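Both ligands and their constituent atoms are indexed starting at 1 by order of listing. If you're wondering where the values come from, they're calculated on a predicted model, not measured in any experiment.
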Amino acid sequence: MKISIIGTGYVGLPTGVGFAELGNEVTCIDRDIRKIEALKEGKITLYEEGLEDLFHKNVRSGNLKFTTSMKEGIPDADLVIIAVGTPPHPVTKEADMKYIHAAATELAEHLSGYTVIATKSTVPVGTGDDIETLISKKNPFADFDVISLPEFLREGFAVHDFFYPDRIIVGAEKERAFNLIKELYLPFADKTNMLFVKRRSAETIKYASNAFLAIKIHYINEMADFCEASGADITEVAKGMGLDSRIGNKFLNPGPGYGGSCFPKDTMAMSYMARQNGVKMSLVDAAIIGNQLRKEQMAQRIRNAVKGIENPKIAVLGLAFKNGTDDCRESPAIEIINKLLEYGLNITAYDPKAMGTACNIFGNKISYADDMYQVIKDADVLAILTEWEEFKNLDLERASYLMKHKNIVDCRNLLDAKKAKAHGYSYRGIGR
Ligand code: NAD
């Protein structure tokens, strides 16, 4: 199948590479000239485990091409996938649709023959109708269907999740659009759940899922606060809860709050959509407020750990919003560091993959280290903010010689509390 993907970000690029690997002819279109130039030169523009090898393989085979031109990328396509950003509107916090509307308008005049236009971006309910209207106005003779094909990949596992999705949700109003998508996903027919629903239902499923997960994180964080106050241990509590199949054992890790390019913006967009429809979503609203407070709470906790120390040095392990990615969008680590900077504290940071992204955010406001031992040298406290596997292996003995004060605030519960205490550290985890 000939597929064009508009937007080569964290969703568009792995999706393009994945469909190319399955034997489709894929053209990735992006308006960012520098990104497309880099990709054309064979330089991958983001980090995702396993993506780079597949990218090179499919560029070499000719299945994967890049362009900035809709004129070049759209006419031959059987399927056009829109994967542009839908960031929060600066004022209302609803999903800002300017990139979606621009993409739909720009592609319209180049449609040729029957084409299915699938929205993979997370978009408010009714966007499919809007795209349909926009395209018909711009190109009244175009033969097309607009469908919703929400994306559920997890950053850090994008390649895995492309080939082994939990589910594929397709929202369409026309049989022939469903048929094209069935053909596209034929290689997945026996290995995953495919659900064909109304377009508006598919658009809602994405927001309903993300809001639910955000609420689950907020809930376990509140439960962690309760455990701290009551003397229980959240790790044991979460384990016990997770054995109930109705609850499940995922997303029960307390931490510094949820972040990333999805949960924060999608919860705000869900809340806005609900208000527009005259519905109050008190749980979603509570998660939004609680999550904001959470990051402030964590910054306070780190500040308290160095109270009374003159000109303390804070060592931060982890900048990305989660492990496995270089993405720092809405990362709790970034917000916590900003708060610590407001307090006038000195910060040195290290992340295995997100140093470049972090340099663009902080410039010379903080210092950077090359590894996890360099970062803790002469530190008065170590704050662990991202759950990278390698941080679990921190050699506590070696660290104890490097740090000025043996002080750890572990916002991800990565380290063994008993071991840390046995090594003489003042250790504070979450909810235990
Ligand atoms: P991103 O910012 O990484 O990438 C978006 C890309 O679209 C950018 O490269 C940008 O230059 C390009 N673009 C914008 N307007 C364009 C236009 N008119 N023509 C061509 N290119 C254009 O965004 P992302 O993280 O890939 O997210 C994309 C969408 O997918 C969002 O709606 C997001 O909510 C949703 N989503 C993201 C994830 C995730 O984990 N990142 C997961 C599921 C769904």
Quiz prompt | ligand 1-proximal atoms of Leu46, by part, heavy-atom distance under 4.0 Å | solution = neither
Quiz item: Looking only at protein heavy atoms, which one is nearest to atom 7 (O) of ligand 1, and how far off is it?
Solution: Gly7 CA, 3.4 Å
Quiz prompt | Nearest non-hydrogen protein atom, atom 32 (O) of ligand 1 | solution = Thr86 OG1, 2.6 Å
Practice problem: With rounding to the nearest 0.5 Å, note down the distance linking CD in Glu387 to CG in Asp410. | Solution: 11.0 Å
Quiz item: At the 4.0 Å heavy-atom cut-off, does Arg329 count as touching ligand 1?
Solution: yes
Quiz item: So which protein heavy atom does atom 5 (C) of ligand 1 come closest to, and at what separation?
Solution: Gly85 N, 3.7 Å
Exercise. Measure the distance from atom 4 (O) of ligand 1 to every protein heavy atom, then report the residue, atom name and distance (to 0.1 Å) of the closest one.
Key: Gly9 CA, 3.3 Å
Exercise. Do me a favour and list the nearest non-hydrogen protein atom to atom 43 (C) of ligand 1 with residue, atom name and distance?
Key: Glu151 O, 3.3 Å
Quiz prompt | For atom 17 (C) of ligand 1, the protein heavy atom that lies nearest, with its residue and separation | solution = Arg31 NE, 3.6 Å
Exercise. Would you mind telling me if ligand 1 is within reach of the side chain of Lys265, the backbone, both or neither, using heavy atoms under 4.0 Å?
Key: side chain
Quiz item: Is the shortest N/O to N/O distance between Asp32 and ligand 1 below 3.5 Å?
Solution: no
Quiz item: Just one of Arg294, Glu335, Arg412 clears the side-chain contact (heavy atoms from CB on, under 4.5 Å) bar with Pro256, so which one?
Solution: Arg412
Exercise. Please write down residue, atom name and distance for the protein heavy atom closest to atom 39 (C) of ligand 1.
Key: Glu155 OE2, 3.3 Å
Quiz item: Applying a 4.0 Å heavy-atom criterion (strictly less than), which segment of Cys262 is in contact with ligand 1: side chain, backbone, both, or neither?
Solution: side chain
Practice problem: Verify side-chain contact (heavy atoms from CB on, under 4.5 Å) between Leu252 and Lys216, making sure each step is shown before the conclusion. | Solution: CA-CA 7 Å; Leu252 289 179; Lys216 201 170 176 190; 3.9 Å; yes
Exercise. List the closest protein heavy-atom neighbour of atom 44 (C) of ligand 1: residue, atom name, distance to the nearest 0.1 Å.
Key: Thr122 OG1, 3.6 Å
Exercise. Only heavy atoms count here, so choose which of Ile5, Asp30, Val11, Val84 is nearest to atom 29 (C) of ligand 1.
Key: Val84
